[in-house]
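Quick notes on the structure that follows.
Both counts, for ligands and for their atoms, begin at 1 and track the order of listing.
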Amino acid sequence: MLKYTELVLDHFKNPRNLGKIENADAEATEGSIACGDMMTVYLKVEDDRITDIKFESYGCAANIATASMMTEVVKGLTLEEAKKLNWKEIVERLGGLPQVKYHCSNLAVDTLRKAIKEYEESLARK
Ligand code: FES
Ligand code: FES
């Protein structure tokens, strides 16, 4: 049995910012090479700042928990600040994660970065 911290279990059972944003400014779906799971991130952006973020996960408990924590951390950050977030910071905030589950937090951060990239590319097309 994998051992999760209380905080990981709390974010898994009560995910923050779970769902979809209608009329999102950007969205991206990313898959994990390690396990084949997928998740989607939706962003609302104003003046280069993330004003709203939601996610859907087709992944495991660790992915749901890390995605939930990731959305709490990046809401209100500028795009540049959000790009710098890395998976270790999320894992630390959750009080740790079993090592075999690190890739699940990678998936959360990779999907965020892809959504930011989508947003920037949509601006470039305007
Ligand atoms: Fe798919 Fe974890 S391996 S949910
Ligand atoms: Fe696939 Fe966690 S095992 S996201």
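Heavy-atom separations between K101 and ligand 2 include at least one value shorter than 4.0 Å.
Near N63, with a cut-off below 4.0 Å to any heavy atom, the atoms of ligand 2 are 4 (S). For ligand 2, the atoms lying closer than 4.0 Å to a non-hydrogen atom of D37 are 1 (Fe), 3 (S), 4 (S).
Shown here is N14, whose CG atom has more than 12 heavy atoms of other residues, nucleotides or ligands within 6.0 Å.
The closest side-chain heavy-atom distance from Y42 to E56 is below 4.5 Å. Side-chain atoms of K54 and L18, non-hydrogen and from C-beta on, never get closer than 4.5 Å to each other.
Look at H103 and atom 2 (Fe) of ligand 2: no N/O/S atom of the residue is under 2.8 Å from the metal.
Shown here are the salt bridge (Lys or Arg N to Asp or Glu O under 4.0 Å) partners of E121, two or more places apart in sequence or in another chain: K117.
A distance of 13.5 Å separates NZ in K88 from CG in L97, rounded to the nearest 0.5 Å.
Counting heavy atoms closer than 4.0 Å to ligand 2, residue C35 contributes side-chain atoms (C-beta onward) but none from N, CA, C or O.
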